[in-house]
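Letters A, B, ... are given to chains in the order of the sequence lines, protein chains preceding strands, and every chain is numbered from 1.
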Number of protein chains: 2
Amino acid sequence: MRISDKYRYLGIKLTPQRLAILSYLDGNRSHPSAEDIYRSVRKEFPTMSVSTVYNTLDVLKEKGDVQELTIDPRKKRYGPVNTPHNHLMCNKCRHIVDINKEFKFTLPSSMTEGFELTGNHVEFFGFCSNCRKKQ
Amino acid sequence: MRISDKYRYLGIKLTPQRLAILSYLDGNRSHPSAEDIYRSVRKEFPTMSVSTVYNTLDVLKEKGDVQELTIDPRKKRYGPVNTPHNHLMCNKCRHIVDINKEFKFTLPSSMTEGFELTGNHVEFFGFCSNCRKKQ
DNA sequence: TGATTGACAAGAATTATTCCTGGTTGATAA
DNA sequence: TTATCAACCAGGAATAATTCTTGTCAATCA
């Protein structure tokens with residue numbers, strides 16, 4: 001099902017704002033924050049407000065079309081679905097390295113409590129070469 | 001190296017407050033927030049302030065003795081190192097299920113950019129049985 | 001003893017996010 | 001076509017978590 005059909009089916013409008021955010025995220029590997037998205041989409045829609053960005057991201061996330069990433073403990077970051085988002089973060093300086101590798105695990109259904117799994121995210125942590133020196 | 005020796009070696013004081021937080025987290029599987037830790041440790045140290053909790057957690061984290069967890073996008077949560085913290089979260093209602101399974105894998109050193117790895121965290125996401133009904 | 005430094009408490013300031021309100025739009029049905 | 005209704009959105013206020021700042025204290029060391 002195409003996404004526009006899906007939204008029509010759900011009785012939800014795929015408004016220009018929503019499309020703009022979706023297309024900004026499509027293929028985007030930079031894990032932007034809401035603020036980043038706001039700044040970019042605002043060029044096209046100067047009247048758009050931050051709350052609309054948050055609202056929209058929530059809607060798209062609920063529909064499974066956008067991923068909320070939890071790499072950065074300070075703020076939420078977002079990305080398209082269907083791209084692996086695995087990261088390695090330094091405990092000290094928060095430097096983040098992308099791990100371009102996909103991990104496929106399955107969980108025994110006894111553990112999933114009826115969830116429909118849509119993806120996973122593996123976060124490695126440790127100390128980067130700079131911070132290793134004095135720990 | 002014992003932790004007290006390590007801290008002496010680093011020229012850092014393992015103060016009563018720091019010890020209290022360390023021991024509160026030791027073996028703790030409830031992924032408490034800074035607030036939770038504050039409320040608990042305050043019983044023993046009534047004068048302790050929230051900023052001390054945050055400072056202390058930062059120090060302990062930098063030293064690799066405490067893990068900052070990113071399960072909950074609303075606030076930071078903390079846990080002892082060396083315990084697996086894997087989760088399954090609903091994209092819609094944010095319901096979180098603990099996955100009591102340990103995933104052990106390594107990364108090829110070509111990907112780690114000189115990091116010293118100390119752990120990992122696997123987060124599964126999807127839709128819980130309630131939210132599956134209307135997506 | 002005096003100076004230096006790390007640690008701490010308290011509260012102010014900041015920042016990301018959510019909430020609220022009122023107006024607008026677009027689809028639907030009379 | 002027009003009325004109705006719900007979804008949508010902008011703007012800004014409110015909230016909650018976290019960080020920053022400042023003054024004080026205690027331990028360490030010259």
Side-chain angles (χ1 to χ4, degrees), chain A residues 4-22 24 31-63 65-66 68-78 91-94 134, chain B residues 4 6-22 31-63 65-66 68-78 91-94 134:
Chain A
S4 54
D5 293 333
K6 172 179 169 189
Y7 279 64
R8 185 167 316 117
Y9 165 73
L10 291 170
I12 288 173
K13 291 168 194 159
L14 202 51
T15 62
Q17 289 93 334
R18 289 176 181 177
L19 273 171
I21 291 183
L22 272 178
Y24 175 70
H31 16 79
S33 67
E35 172 75 19
D36 297 332
I37 297 169
Y38 173 61
R39 272 207 300 274
S40 167
V41 176
R42 197 149 78 120
K43 291 175 197 151
E44 202 183 338
F45 294 91
T47 70
M48 176 176 275
S49 76
V50 259
S51 26
T52 298
V53 173
Y54 280 106
N55 278 337
T56 302
L57 287 168
D58 271 359
V59 171
L60 297 176
K61 187 184 52 153
E62 276 184 15
K63 303 312 165 201
D65 299 314
V66 158
E68 184 180 284
L69 309 173
T70 54
I71 334 155
D72 183 345
R74 300 193 187 194
K75 53 187 160 187
K76 298 179 178 176
R77 292 172 177 276
Y78 298 86
N91 290 322
K92 189 160 183 173
C93 69
R94 296 172 189 266
K134 186 74 175 165
Chain B
S4 54
K6 172 180 169 187
Y7 278 65
R8 186 168 315 116
Y9 164 73
L10 292 171
I12 287 173
K13 291 168 193 155
L14 203 51
T15 62
Q17 288 94 333
R18 290 176 181 176
L19 274 171
I21 290 183
L22 272 178
H31 17 79
S33 66
E35 172 75 19
D36 297 332
I37 297 169
Y38 172 63
R39 271 205 301 273
S40 167
V41 176
R42 196 148 80 121
K43 290 175 196 150
E44 200 181 339
F45 295 89
T47 71
M48 177 175 277
S49 77
V50 258
S51 25
T52 298
V53 174
Y54 279 107
N55 278 336
T56 302
L57 288 168
D58 271 359
V59 170
L60 298 175
K61 186 184 54 155
E62 278 184 12
K63 305 310 166 204
D65 299 314
V66 157
E68 183 180 283
L69 311 173
T70 53
I71 333 155
D72 183 346
R74 302 191 187 197
K75 54 186 160 187
K76 297 178 178 175
R77 292 172 177 278
Y78 298 86
N91 290 322
K92 189 158 183 173
C93 68
R94 297 172 187 264
K134 185 76 174 167

Handout entry: Minimum-distance nucleotide (side-chain atoms of B:K75 versus D:dA10, D:dT18, C:dA7)
Key = D:dT18
Handout entry: Spacing between A:E35 atom CD and C:dT18 atom C1', to the nearest angstrom
Key = 16 Å
Exercise for the section: Check every strand shown and say whether A:Q17 touches a base, only sugar-phosphate, or nothing at a heavy-atom separation below 4.0 Å. Expected result: sugar-phosphate
Exercise for the section: Report yes if some heavy atom in the side chain of B:V66 is under 4.5 Å from a heavy atom in the side chain of B:L22; otherwise report no. Expected result: yes
Handout entry: Sugar-phosphate, base or nothing in reach of A:R18, heavy atoms under 4.0 Å
Key = sugar-phosphate
Handout entry: Side-chain N or O of A:Y54 closer than 4.0 Å to phosphate OP1/OP2 of C:dT17
Key = yes
Exercise for the section: Using a 4.5 Å cut-off on heavy atoms from C-beta on, say whether the side chain of A:V41 contacts that of A:Q17. Expected result: no
Handout entry: Side-chain N or O of B:T15 closer than 4.0 Å to phosphate OP1/OP2 of C:dC8
Key = yes
Practice task
Check whether any side-chain N or O of A:D36 sits under 3.5 Å from a backbone N or O of A:S33 as a donor-acceptor pair, and report yes or no.
Solution key: yes
Exercise for the section: Spell out, as yes or no, whether a donor-acceptor pair under 3.5 Å connects the side chain of B:R18 to the backbone of B:K13. Expected result: yes
Practice task
Considering just the side-chain nitrogens and oxygens of B:R74, establish if one lies under 4.0 Å of OP1 or OP2 belonging to D:dA16.
Solution key: no
Exercise for the section: May I ask you to verify if any side-chain N or O of A:T47 is less than 4.0 angstrom from the OP1 or OP2 atom of D:dA10? Expected result: yes
Fill in the blank from the handout: Which of D:dC8, D:dG11, C:dT18 is nearest the side chain of A:K76? It is C:dT18
Handout entry: Selection from C:dA10, C:dC8, D:dA10 that lies nearest to any side-chain heavy atom of A:S51
Key = D:dA10
Completion exercise
Nearest-nucleotide check on DNA chain C, B:K13 vs B:P46; residue mapping nearer the 5' end is B:K13
Practice task
Give one of base, sugar-phosphate or nothing for B:S33, where a contact means two heavy atoms less than 4.0 Å apart.
Solution key: nothing
Problem - Any A:S49 side-chain N or O less than 4.0 Å from OP1/OP2 of D:dG11 - result: no
Completion exercise
From the candidates D:dA10, D:dC9, C:dA9, the one with an atom nearest any side-chain atom of A:M48 is D:dA10
